[in-house]
Amino acid sequence: MPQPARPAVEAAGLTKAYGRTTVLDGVGLSVAPGTVFALLGPNGAGKTTTVRILATLLRADAGGARVAGFDVAAERSRVRRAISLTGQYAALDEQQTGAENLRMVARLSGLSRPAARRRAAELLERFALAGDAADRRVGTYSGGMRRRLDLAAGLVGDPSVIFLDEPTTGLDPRSRQAVWDEVRRLADAGVTVFLTTQYLEEADRLADRIALLDGGKLVAEGTAAELKQQVSAERLDLTLVSPEAYEEVAHALGHLTVRRDPATRTLGVTTDGRAAHIRDLLDAVDPDRTLIERFALHSATLDDVFLKVTRDG
Amino acid sequence: MADALTHAATMVGRSVRLSSRNPDAVITALALPVLLMLVFVYLFGGAIDTGGGYGRYVDYVAPGVLVLCAGFGAGTTAMSVADDMKGAVIDRFRSLDVGGTAVLAGHVAASVVRNLAATVLVFGVAFAVGFRPEAGVGGWLASAGLLLAVITAISWVAAAFGLLADSPEAAGGFTFFLAFLPYPSSAFVPVDSMPGWLHGFAEHQPLTPVIESLRGLLLGRPVGGSPWEALAWCAGLTAVSVAAAAALFRRRTS
């Protein structure tokens with residue numbers, strides 16, 4: 001029987017606190033080599049802290065992790081040689097050109113001067129930054145161009161594990177698509193990608209496995225399909241005709257509601273979005289068709305997912 | 001080791017390039033020295049009697065202006081260090097396993113380059129307005145070595161302050177005293193002309209032996225032990241600042 005490959009990233013009991021604020025509270029996870037793993041969570045959940053610990057930039061107070069087979073605390077340099085980190089904010093010099101930035105990173109990765117020049121040219125080409133853009137200062141780049149250059153800088157040293165901290169936050173749809181395409185290309189090439197995101201859709205599209213992080217704890221983990229079984233992907237908002245109707249329906253739905261807003265007499269219920277389910281639900285709640293004024297279907301937001309997961313968990 | 005050298009060399013190249021593209025740094029390095037020289041010689045010089053047989057005030061003041069420029073340049077260095085530390089770029093360097101010493105060495109090297117440019121300009125202006133040093137080859141070499149030592153020391157002090165500050169603005173403020181330090185010394189006026197309570201400080205602060213040595217060496221006068229005293233100060237300040245900078249860098253990045 002073939003041995004299962006060692007995980008590219010494995011962590012157990014990661015804990016980090018700043019003063020009295022616990023940021024991470026015993027996070028454990030495992031990522032198979034060559035897969036895309038998404039750490040999904042709202043702002044302040046501890047995503048960046050997790051990534052910084054795994055990328056050796058921050059020490060955990062407790063717990064440990066191995067990345068690319070090396071211990072992040074005891075074998076920092078070996079981990080650093082195997083990984084790259086592209087953070088939320090472009091880690092580039094605005095007063096250097098795109099080509100200068102990449103050549104600098106290549107030299108720092110240990111390439112000779114000519115090899116650095118070749119590698120920079122190759123990456124500029126691959127990320128559609130060749131020609132005029134290559135010799136412009138990064139300060140003149142658009143947000144999308146910066147992110148692409150930042151990604152390119154992360155690939156200079158041919159890392160086997162790539163950490164992307166919120167790679168598409170603040171990008172326009174076209175730039176977001178370009179980043180997604182690149183993540184898929186990397187995964188196809190056998191690179192392990194560990195990304196963080198606030199967007200369910202992004203995790204769903206890119207990741208083989210998704211972990212939900214909330215308040216420094218992992219609250220759910222699995223494939224997108226597995227998670228969707230736990231969390232309905234859509235939310236049905238019902239607006240009731242009167243405060244009395246609101247109370248009545250809220251009572252009838254009980255713990256099924258994921259959103260309550262008495263001011264607008266609106267109740268949110270998770271659903272899988274199928275017409276049959278919605279029809280049944282409306283009939284069950286309002287058989288006489290007098291209580292519900294209108295309804296609207298929304299894609300479930302991360303808030304809905306967390307409400308559901310944290311309540312069930 | 002080879003890695004560390006490549007890292008340091010790459011960071012030096014980066015910092016020099018960034019400096020040359022930073023208008024503030026360029027003005028501080030190139031325009032300020034010229035203005036300071038002219039201000040001291042033409043605006044203040046006429047009213048200052050340095051005694052002791054210095055024919056022209058420019059002969060007396062040139063070393064002081066050189067050191068003053070290094071003090072002003074320190075602000076640029078501290079700000080550029082602080083700027084790096086607040087940005088994401090430092091994470092990139094760390095994830096490439098570039099050590100703090102290499103990053104700071106880049107800033108210090110750029111600072112030395114800026115200051116050497118300033119020094120050349122100050123000498124140029126000084127000559128133009130009548131500075132006539134009488135140093136031999138030995139005196140010039142000794143002066144150059146001492147200037148390099150004091151510039152390096154001030155640059156490392158500035159780098160350490162850049163790490164101590166939370167923001168580039170604060171870093172600029174921290175180095176204000178470096179730009180002020182030459183005044184209570186023999187840089188611009190003889191210490192004897194200052195109030196008595198200031199004599200102790202003015203005579204024993206680190207810049208006084210530096211300035212006395214430079215003045216003596218350039219004008220071909222006896223300097224006694226002051227160059228050694230100056231070098232000891234520079235070596236001590238550099239050593240303390242390098243150690244403090246390394247410790248601060250570790251604290252900032254853990």
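Only a predicted model underlies this, so the values are computations on that prediction, with no experimental measurement involved. By convention in this document, chain letters (A, B, ...) are assigned in the order of the sequence lines, proteins followed by strands, and residues within each chain are numbered from 1.
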Participant: Just to be sure I understand the criterion: a residue of residues 91-117 of chain B counts if one of its heavy atoms is under 4.5 Å from a heavy atom of chain A. Which ones qualify?
Facilitator: B:D91, B:R92, B:F93, B:R94, B:S95, B:L96, B:D97, B:V98
Participant: Considering heavy atoms only, which positions within residues 111-149 of chain A lie below 4.5 Å of chain B?
Facilitator: A:R137
Participant: Is it true that atom CZ of B:F180 has more than 12 heavy atoms of other residues, nucleotides or ligands lying nearer than 6.0 Å?
Facilitator: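 It does not: B:F180 CZ has 12 such atoms or fewer within range.
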Participant: Does B:R21 have any side-chain hydrogen bond (donor to acceptor under 3.5 Å, both in side chains) partners at least two apart in sequence or in another chain, and if so, which?
Facilitator: A:E100
Participant: Counting heavy-atom pairs under 4.5 Å with chain B, which one of A:V156, A:D150, A:N101, A:T56 comes out on top?
Facilitator: A:D150
Participant: What's the shortest heavy-atom distance between A:L108 and B:H7, and which atoms?
Facilitator: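 Closest approach of A:L108 to B:H7, heavy atoms only: O-NE2, 2.9 Å.
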Participant: Taking heavy atoms only and a threshold strictly under 4.5 Å, list by residue number the residues of residues 67-95 of chain A that touch chain B; give 'none' if the list is empty.
Facilitator: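 Listed by number, the contacting residues are A:R76, A:S77, A:R80, A:R81, A:L85, A:T86, A:Y89, A:A90, A:A91, A:L92, A:D93, A:Q95.
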Participant: Is A:R59 close to chain B through its backbone or its side chain, or both, or neither, when contacts mean heavy atoms under 4.5 Å?
Facilitator: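 Contact with chain B: none, neither part.
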